[in-house]
Amino acid sequence: MSFEVLDKDLMGRIGALRTRTGIIETPALFPVINPAKQVVALDEIKDIGFNQVITNAYLLKRHYGDLVREVGIHKLLDWDGPIMTDSGAYQLLMYGKVEVSPDEILKYEIDIGTDIGVILDIPTQWGGRPRDMVLLEVEETLRRAKSALVKAKMWDPGHRMLMVGPVQGGDKLDLLSYSAEKMSELNFDIYAVGSPTTLLEEYDFSTIMRMIATAKMKLPPGKPVHLFGGAGHPLILPFAVAMGIDLFDSASYVLYARDDRVILRDRTVRLSEVKVDRIPCNCPVCRRYSVKELMSMGKAERERLLAIHNLYVLWEELQEIKARIKEGTLWEYIEEKAGGDARARSALMALRRGLRAFLRMIPPEASGRVRALHITSIDSLHRPEVIRHVEKILNNYEPPKGCLVVILPGEFLDRPYIRDSVLSWLLDQLLTNNLLSKVNVVINNPVLGPVPYEISEIYPLSQHEYPEPTPNYLRFFSHNLLRRYLEKLLRMGFTDVLIITRRGREESMKRLITELGGFRGVIVTGGVASRQELSSLIPWIAKIVSSIQCSPHM
């Protein structure tokens, strides 16, 4: 098995997972197929764009037995791409028992030629299951996992079948963490977060995100991670990918179609509730048939056509996610998703918390590409690039020694600030008069707060955009960060502050300095309204700097 990461953005990644019958490009979804009653033909699934499918080895064994061993699963299904098989764990979850042992189903999966096989684990049930029972089930899953790896070496010495190690524990996050930690010590090819089916049915995306984050913290970063349980809706897919999920399986395309439900990129609607002539989609089904024509069809044909439509929407969503990863705009995309759906916004809030734990694993710029950071909402302030800036400015950046901080309004300076002609003039004045050594020149950015001129080219300080006029919630963030930076300068021994502020913001700056206390000398200008006014103040600023006397120890 090899898994090569080709592109990254947030915790999302485009990867190449090699199986014996082909390469799967992640993130990827495995449509669930039922060989006994398949609504959409497999050649149609392939034509849509899916190169991989998942079926149930337990059901194959019950319905076809040794026939699948004789002909092989690929020939039985007439499918030449990668096939993943579940082991009967879903039936165990639904019905409480299966008529097969873990060893029997593992051997069967190997014998029929499965590309990716799942061990028979104990899925965590929902609905107030006692914690001690869940712990016993987690321990039993771990025992089965260890046994499966030993048996697989005997039955599959060539390692033809990739093996999946499921992580259980459900929403009992401490047990989920324990399960992930112990499972990570076992050398599975793929790891899977199990049992979110009920949550997905209830659109409880927030809990799902917390589960993913908990498991990802403990799992090996170089291995692909699968999310079990039918995460087959465009609303959850980008959030799960952003949190580090590589693989999905889902029967949603046919389950929704069975109830005449139509999957769209941002919602699900019943066919009878579509109030326009055609479903707003450009797939072959929606181009050919009107809503009225679909409604007038027989149940079986309508179900098949809606299932095809649903698969197209899922495939297009995955292409959009991959494009966003390559562009480095996955955060912007999930902000868009969260803007129109409360459940998706809950997922984003959970994602914000989860990503903080993975900052070291998230590339500073997506795939090494530097692009403008768009700060459009309060959520944008929680993206990793902004969090890194806050940590750097408050904890890592060491201002030059001095006693005076000069703060300029960022609204009237061009970025990168260090190349701005007005700022360059001020710096030249200070350098010529041997004054630069005692002053820390800082630009007050309307959204990112204090930007010392000497680091103003570091991403994203010069590569970001924000709305104008700047909303108050963004200014509040900037104002609070400036306060914390000035507190840092006070601790370093700075004694004086000169603030040139945009007109209308003088009083808020005066209150900030008064509340801080500690500065010996304070000058807040009456406010400037243009770049020209700021430029006219440069000689006066240089004069003020020259009049400040630093203590001898500075």
For atom CG of Asn395, decide whether the heavy atoms of other residues, nucleotides or ligands shown that lie under 6.0 angstrom number more than 12. yes
My understanding is that only residues two or more places apart in sequence, or in another chain, count here; which of them pass side-chain hydrogen bond (donor to acceptor under 3.5 Å, both in side chains) with Arg13? Asp246
Residue pairs meeting salt bridge (Lys or Arg N to Asp or Glu O under 4.0 Å), one or both in residues 464-486, sequence neighbours left out, come to Glu411-Arg475, Arg483-Glu515
Less than 2.5 Å separating the SG atoms of Cys286 and Cys281? no
Report the residues that fulfil side-chain contact (heavy atoms from CB on, under 4.5 Å) with Asp341, sequence neighbours left out, ordered by chain and then residue number. Leu235, Arg343, Ala344
I would like to know whether Arg415 and Val451 meet side-chain contact (heavy atoms from CB on, under 4.5 Å); could you show each step before the answer? CA-CA 11 Å; Arg415 286 176 273 130; Val451 179; over 6 Å; no
Could you tell me which residues satisfy side-chain hydrogen bond (donor to acceptor under 3.5 Å, both in side chains) with Arg265, sequence neighbours excluded, listed by chain and number? Glu317, Tyr333
Which donor-acceptor pairs under 3.5 Å do side chains of residues 504-514 form with protein atoms, sequence neighbours excluded?
| unit_1 | atom_1 | unit_2 | atom_2 | d |
| --- | --- | --- | --- | --- |
| Glu506 | OE1 | Gly504 | N | 2.6 |
| Ser508 | OG | Arg505 | O | 2.9 |
| Thr514 | OG1 | Lys510 | O | 2.8 |

Is it true that, when you exclude Phe476 itself, more than 12 heavy atoms of the residues, nucleotides or ligands shown sit nearer than 6.0 Å to its CZ? no
Exceeds 12 heavy-atom contacts within 6.0 angstrom, atom CG of Asn396: yes
Please list, chain by chain and in numerical order, all residues satisfying side-chain hydrogen bond (donor to acceptor under 3.5 Å, both in side chains) with Lys488, sequence neighbours excluded. none
Among residues two or more places apart or on two chains, list those pairs meeting salt bridge (Lys or Arg N to Asp or Glu O under 4.0 Å) that have a residue in residues 539-549. none
Not counting sequence neighbours, which residues clear side-chain hydrogen bond (donor to acceptor under 3.5 Å, both in side chains) with Asp414? List them please. none
Quick one: pull up CH2 in Trp331 and CZ in Arg352 and give me the separation to the nearest 0.5 Å. 7.0 Å
Partners of His464 by ring pair (Phe, Tyr, Trp, His ring centres under 6.0 Å), sequence neighbours excluded? Tyr466
Using salt bridge (charged side-chain N to carboxylate O under 4.0 Å, His left out) as the criterion, list what pairs up with Arg288, not counting sequence neighbours. none
Sequence neighbours left out, what pairs pass side chain to side chain donor-acceptor pair (under 3.5 Å) with at least one residue falling in residues 419-431? Arg419-Glu457, Asp420-Arg531, Ser421-Arg531
Could you list the donor-acceptor pairs under 3.5 angstrom formed between side-chain atoms of residues 213-221 and any protein atom two or more places apart in sequence or on another chain?
| unit_1 | atom_1 | unit_2 | atom_2 | d |
| --- | --- | --- | --- | --- |
| Thr214 | OG1 | Arg210 | O | 2.8 |
| Lys216 | NZ | Gly244 | O | 3.3 |

